[in-house]
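Notes follow once the structure below has been shown.
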Amino acid sequence: MKWVYIEDISNYIGQDVEIRGWVYNKRSSGKVRFLLIRDGTGIIQGTIFSPDKDFPLFRVFDELTQESSVIVRGNVREDKRAPGGYELEIKDIEVIQIARNYPITPKEHSVAFLMEHRHLWLRSQKQHAILQVRAETIRAIRDFFDGRGFRLMDTPILTPSACEGTTTLFETTYFDQKAYLSQSGQLYNEATAAAFGKVYCFGPTFRAEKSKTRRHLIEFWMVEPEVAFATLQDIIELGEDLIMFILERVLERRKKDLEILERDTAPLERIAKPFPRITYDEAVKLLKEKGSQIVYGDDFGAPEETLLSEIFDRPVCVTHFPAKIKAFYMQPDPERPDLALGVDFLASEGYGEIIGGGQRIHDLDLLEQRIKEFNLPREAYEWYIDLRRYGTFPHSGFGLGLERTVAWLCKLPHIRETIPFPRLLYKIYP
Ligand code: 4AD
Ligand code: MG
């Protein structure tokens, strides 16, 4: 008998097939037994019917518990009343294992308990839906950049230097040297951009953030395009296009998952280009009008980002931050050198920053000066300075945080469910 996946079941109406999976739930009603089976691609209802109460398959059915692993064989029927629209008329159940006392029952559990059992929690319908949205988002991102002629460049995870400030570095040893887990692939992609014109990297990044918030992970995935000769404006348009591409793709292909998550998609469907662009100065004014205590010159924290992103019905781009609160590599505004040509995209519905980026310094002297001002060890940046020695070029790029984007798309209260095994402050189990 042919082994098929539940997501393909509509191709097998009237045929006998085999489904390999786990028991999701079961119930009986008179002469019928209902078995919900999941196989990772979906859930299907299987039925066993017999007027005989000693029917042998009933005995196998009675033994089955939640998450028992089984191979079920039967005939596929279209049935409008069945969840998913199809049903399996079960002819045979082969039990691989009866699962005893599966810890996650249909009752309510605390988040702490569920996080301790993350390896099992992944099997539940909502977690499954979130991770489907994640996988679709990853695919959309790759299709977007590959389709626009960007070259994928994998940047190193073990690095000798910091990209985003030294306070959140994860230190490790590299034989007889100190090394750090990558905070961003940006610096390396400034080199590959000179070799390939437009590039992107997409991989895990690490921040030893001592902040315990709903939007910080210690290990998260970031996609980072870098474009030679692009300005801040060019890169803002690229970010806009990327977000629109992801949105449209996820709304088109993961509608069912968003439904399972009870995500009201209307606010996402209304989003269109162009996104509003405001400067840091304007943002501070808006914040003060909304009653925020923000002091001019300070960086935005989560409360400010939330306030700002609630003002607009689509993502908003904040530009021209004070250079002092931004990374060493940011190009100053020629009109006002105290401001950096950087941009943060704040997602709508209060989600805050999902993209950070901007134009990079391409002047040799200025970069050397900044490295000094930021007290960075020059030896580790010699290769990076070289890029300003040999055919320097204006260039821009950004990083989009995958998990923050997924949290926004799914409208989740916390980022921890957007990655299969989240690394959180002091928490590395499971
Ligand atoms: O703003 P960030 O720190 O920018 C950079 O790392 C640049 N080097 C990127 C570049 O220009 N190539 O981080 C970029 C994005 C943020 O907007 C956010 O979405 C995400 O990465 N991010 C985090 N996501 C989850 N947990 C954290 N601790 C994050 N820190 C940043
Ligand atoms: Mg940022």
Side-chain angles (χ1 to χ4, degrees), residues 134 137 141 145 150 153 155 159 161-170 180-193 198-227 230 232 234-236 238-239 242-243 246 280 299-302 304-305 309 315-319 321-322 325-331 340-347 351-361 384 395-409 412 414-419 422-425:
R134 177 189 171 96
T137 305
I141 289 169
F145 286 113
F150 279 69
M153 291 289 138
T155 51
T159 67
S161 55
C163 179
E164 291 303 313
T166 47
T167 53
T168 62
L169 277 178
F170 253 112
Y180 309 97
L181 299 185
S182 174
Q183 297 172 308
S184 157
Q186 177 196 323
L187 305 189
Y188 292 96
N189 267 348
E190 292 184 47
T192 63
K198 39 188 180 174
V199 297
Y200 73 103
C201 61
F202 195 177
T205 45
F206 307 84
R207 307 268 170 104
E209 308 253 15
K210 286 283 165 58
S211 37
K212 196 172 172 180
T213 78
R214 55 187 64 223
R215 29 184 101 150
H216 285 94
L217 288 169
I218 304 301
E219 181 178 317
F220 64 96
W221 284 62
M222 182 159 51
V223 61
E224 298 179 84
E226 193 71 32
V227 185
L232 174 65
D234 296 327
I235 215 75
I236 292 177
L238 184 70
L242 171 64
I243 291 175
I246 295 172
Y280 172 88
D299 203 357
F300 299 148
E304 288 79 27
E305 283 182 14
S309 69
V316 51
C317 308
V318 185
T319 61
F321 288 86
I325 55 171
K326 287 288 174 188
F328 77 96
Y329 52 71
M330 290 252 184
Q331 173 75 15
L341 294 182
V343 60
D344 279 3
F345 282 60
L346 311 180
Y351 272 83
E353 183 191 337
I354 52 171
I355 284 184
Q359 195 169 326
R360 329 301 193 188
I361 291 174
Y384 184 68
H395 57 289
S396 304
F398 64 75
L400 171 128
L402 175 65
E403 290 78 11
R404 288 205 190 159
T405 304
V406 173
W408 170 55
L409 293 172
L412 303 177
H414 199 291
I415 197 170
R416 65 190 156 214
E417 293 171 34
T418 61
I419 184 165
R423 308 287 83 157
L424 298 161
L425 188 59

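Ligands are counted one by one from 1 in listed order, and the atoms in each one are counted from 1 as well.
Those atoms of ligand 1 with a heavy atom of Gly356 less than 4.0 angstrom away are 1 (O), 9 (C), 10 (C), 11 (O), 17 (O). Proximity to Ser184 (heavy-atom distance under 4.0 Å) selects the following atoms of ligand 1: 6 (O), 8 (N). The ligand atoms of ligand 1 that sit less than 4.0 angstrom from a heavy atom of Gly357 are 11 (O).
Looking at atom 31 (C) of ligand 1, its nearest protein heavy atom turns out to be Phe220 CZ, 3.4 Å. Distance from atom 14 (C) of ligand 1 to its nearest protein heavy atom, with residue and atom name: Met222 SD, 3.3 Å. Closest protein heavy atom to atom 28 (N) of ligand 1: Leu217 O, 2.9 Å. In terms of protein heavy-atom proximity, atom 1 (O) of ligand 1 is closest to Glu353 OE2, 3.0 Å. Atom 19 (O) of ligand 1 has as its closest protein heavy atom Ile354 O, 2.9 Å.
Among the atoms of Glu353, an N, O or S atom falls under 2.8 Å from the Mg ion (ligand 2).
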Notebook entry, point to check: Does the salt bridge (Lys or Arg N to Asp or Glu O under 4.0 Å) test come out yes or no for Arg134 and Glu403, once each step is laid out?
Noted result: CA-CA 8 Å; Arg134 177 189 171 96; Glu403 290 78 11; 2.9 Å; yes
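Summarising the contacts of atom 2 (P) of ligand 1 with Arg404, Gln186, Arg207, Gln183, the nearest heavy atom is found in Arg207. The heavy atom nearest to atom 9 (C) of ligand 1, out of those in Glu190, Glu224, Glu164, is found in Glu224.
Contacts with ligand 1 closer than 4.0 Å are made by no heavy atom of Glu219, backbone or side chain. Looking at Glu209 against ligand 1, only its side chain comes within 4.0 Å, counting heavy atoms. With a 4.0 Å heavy-atom cut-off, ligand 1 is reached by the backbone of Ile355 but not by any atom from C-beta on.
Within the 4.0 Å heavy-atom shell around ligand 1 one finds Tyr329. At least one heavy atom of Arg360 lies less than 4.0 angstrom from ligand 1. Residue-ligand proximity: Arg215 is placed with a non-hydrogen atom under 4.0 Å from ligand 1.
Taking the six-membered ring where tryptophan is involved, the planes of Phe145 and Phe150 are perpendicular, since the angle between them exceeds 60° and thus also 30°.
The side-chain heavy atoms of Thr405 and Ile141, taken from C-beta on, include no pair separated by under 4.5 Å. The closest side-chain heavy-atom distance from Gln183 to Leu169 is below 4.5 Å.
Here the two rings, on Phe206 and Tyr180, have centers that are 6.0 Å apart or farther.
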